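Step one of this worksheet: look at the structure below.
This is a predicted model, so every value here is computed, not measured. Counting from 1, the numbers follow the sequence of the chain as shown.
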Amino acid sequence: MTDFLVAALQITSTSNIEANFVEAEEQIELAARRGAELIGLPENFAFLGEDDKKLELASELSIKCTNFLKTMAQRYQVFLLGGGYPVPAGDDSHTLNRSALFGRDGQVLAKYDKIHLFDVDLPDGNLYKESSTILSGEEYPPVIDIPGLCKVGLSICYDVRFPELYRYLSSNGAELIMIPAAFTAFTGKDHWQILLQARAIENTAYVVAPAQTGIHYGRRQSHGHAMVIDPWGTVLSDAGKTQGAAIAPADKERVKKIREQMPSLKHRKNELFAN
């Protein structure tokens, strides 16, 4: 058997940390009971509230998130991705937005600090300026070889608009790419699924995209539609707009087969774009 179940969880996080953890565990447990071995939580799974409150709680949140993810991975014997949580940046006015992958033994297998920051003034009246409270990560996103599953590449939300990041992941062996997000309702309706399918197709890799959904506070609303997409670009599972999960099988042999049938990664003329 080369296939295994993956789960992209979908929740509506708020500023209530404990309530967020309760909902997250419920969805982790349900996914694990269905047989999911690799489970992803969305960006901002532990806290989605005002920026000043996030900065105030950053140190506490960082510790709580690490302990929570470690405990959940061990308790349910799964590989678990915390799709994005604040970690103090050391200057008292910024955090890093960190995604971390935990093994079944509770050990951190890899971590990634979000590189591309969402600084956008949308026509719906919402202004987002992540750079005002978040520092951009300085390390390339990792690719982790999970024994018995596949090679997994990490990214976060707004990264999905930068295909060069995903080309880097596939060039370094990624067979499955995690894209946890809190995608806005305004942009999500037009761009979310298209961007996810594009990243899957052009890299002939699975895409597992956990998502926030619904209204979080004030006018902050997320698109939902956590998804699992195969290397051909087919949507295998879509969580819709309610809290829950998109669950589907992933198979590294299917990645190999599609890359043989459509060997576009081998056809790249790297030398033309060296500079």
Side-chain angles (χ1 to χ4, degrees), residues 6-10 38-43 81 83-84 97 99 101 110 112-118 120 136-137 139-146 149-184 187-212 222-239 246-252 254-268 270 273:
V6 298
L9 302 189
Q10 181 159 286
L38 174 61
I39 298 174
L41 284 161
E43 183 183 29
L81 181 83
N97 185 350
S99 176
L101 180 65
Y112 164 67
D113 295 332
K114 185 178 182 181
I115 292 174
H116 299 102
L117 303 182
F118 191 54
V120 179
S136 176
E139 302 290 335
Y140 288 113
V143 175
I144 312 96
D145 189 357
I146 301 179
L149 300 187
C150 67
K151 294 180 180 178
V152 176
L154 302 188
S155 67
I156 300 176
C157 199
Y158 191 49
D159 285 334
V160 76
R161 294 181 182 273
F162 300 88
E164 59 273 18
L165 183 145
Y166 297 90
R167 185 63 79 203
Y168 171 83
L169 291 173
S170 62
S171 296
N172 282 274
E175 299 158 318
L176 182 151
I177 297 167
M178 306 291 288
I179 311 179
F183 224 77
T184 71
T187 57
K189 61 184 172 56
D190 297 319
H191 296 166
W192 172 245
Q193 182 172 329
I194 293 171
L195 286 166
L196 295 178
Q197 288 179 293
R199 300 297 84 86
I201 293 167
E202 67 196 10
N203 294 291
T204 48
Y206 283 93
V207 162
V208 178
Q212 292 282 351
S222 293
H223 174 64
H225 294 282
M227 290 186 181
V228 179
I229 300 173
D230 82 355
W232 191 251
T234 302
V235 177
L236 301 179
S237 185
D238 180 341
I247 299 179
D251 187 344
K252 65 184 300 178
R254 178 158 173 75
V255 176
K256 180 181 178 182
K257 182 178 180 180
I258 291 177
R259 287 180 176 178
E260 289 172 348
Q261 295 172 335
M262 182 63 69
S264 56
L265 293 177
K266 293 181 179 179
H267 294 161
R268 293 175 62 222
N270 295 340
F273 304 99

Answer yes or no: is there a donor N or O on one side and an acceptor on the other, between the side chain of [X] and the main chain of [Y], under 3.5 Å?
{"X": "Glu139", "Y": "Asp113", "result": "no"}
{"X": "Gln10", "Y": "Ala226", "result": "yes"}
{"X": "Ser170", "Y": "Arg167", "result": "yes"}

Do the side chains of [Y] and [X] get nearer than 4.5 Å, heavy atoms only?
{"X": "Leu196", "Y": "Val235", "result": "no"}
{"X": "Lys114", "Y": "Cys157", "result": "yes"}
{"X": "Arg254", "Y": "Pro249", "result": "no"}
{"X": "Leu154", "Y": "Ile144", "result": "yes"}
{"X": "Val255", "Y": "Tyr206", "result": "yes"}
{"X": "Gln197", "Y": "Met227", "result": "no"}
{"X": "Pro210", "Y": "Leu41", "result": "no"}
{"X": "Val160", "Y": "Val207", "result": "no"}

Once side chain to side chain donor-acceptor pair (under 3.5 Å) is applied, do any residues pair with [X], and if so which ones, sequence neighbours excluded?
{"X": "His225", "value": "Asp238"}
{"X": "Ser155", "value": "Tyr166"}
{"X": "Ser237", "value": "none"}

Minimum heavy-atom separation for [X] and [Y], please, with both atom names.
{"X": "Trp232", "Y": "Ile201", "answer": "O-CG1, 3.6 Å"}
{"X": "Leu169", "Y": "Pro142", "answer": "CD2-O, 3.7 Å"}
{"X": "Pro141", "Y": "Ile115", "answer": "CD-CD1, 4.2 Å"}
{"X": "Gly224", "Y": "Ala211", "answer": "O-CB, 3.7 Å"}
{"X": "Arg259", "Y": "Asn203", "answer": "NH2-O, 3.1 Å"}
{"X": "Ser99", "Y": "Ile156", "answer": "CB-CD1, 3.6 Å"}

>> Testing the 3.5 Å rule here: is there a donor-acceptor pair between the side chains of Tyr112 and Asp159?
In response: yes
Could you go through residues 173-184 and list every donor-acceptor pair under 3.5 Å that involves a side-chain atom there, pairing it with any protein atom two or more places apart or in another chain?
{"from": "Glu175", "atom 1": "OE1", "to": "Lys151", "atom 2": "N", "distance (Å)": "2.8"}
{"from": "Thr184", "atom 1": "OG1", "to": "Thr187", "atom 2": "N", "distance (Å)": "3.2"}
{"from": "Thr184", "atom 1": "OG1", "to": "Thr187", "atom 2": "OG1", "distance (Å)": "2.5"}

> How far does CD1 of Ile258 sit from OG1 of Thr204, to the nearest 0.5 angstrom?
Replying inline: 7.5 Å
> Quick one: ring pair (Phe, Tyr, Trp, His ring centres under 6.0 Å) partners of Tyr140, sequence neighbours excluded?
Replying inline: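 For Tyr140, the residues satisfying ring pair (Phe, Tyr, Trp, His ring centres under 6.0 Å) (neighbours in sequence not counted) are Tyr168.
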> Would the number of heavy atoms belonging to other residues, nucleotides or ligands and lying under 6.0 Å from NZ of Lys257 be above 12?
Replying inline: no
>> With salt bridge (charged side-chain N to carboxylate O under 4.0 Å, His left out) as the rule and sequence neighbours excluded, what pairs involving residues 197-212 come up?
In response: Arg199-Glu202
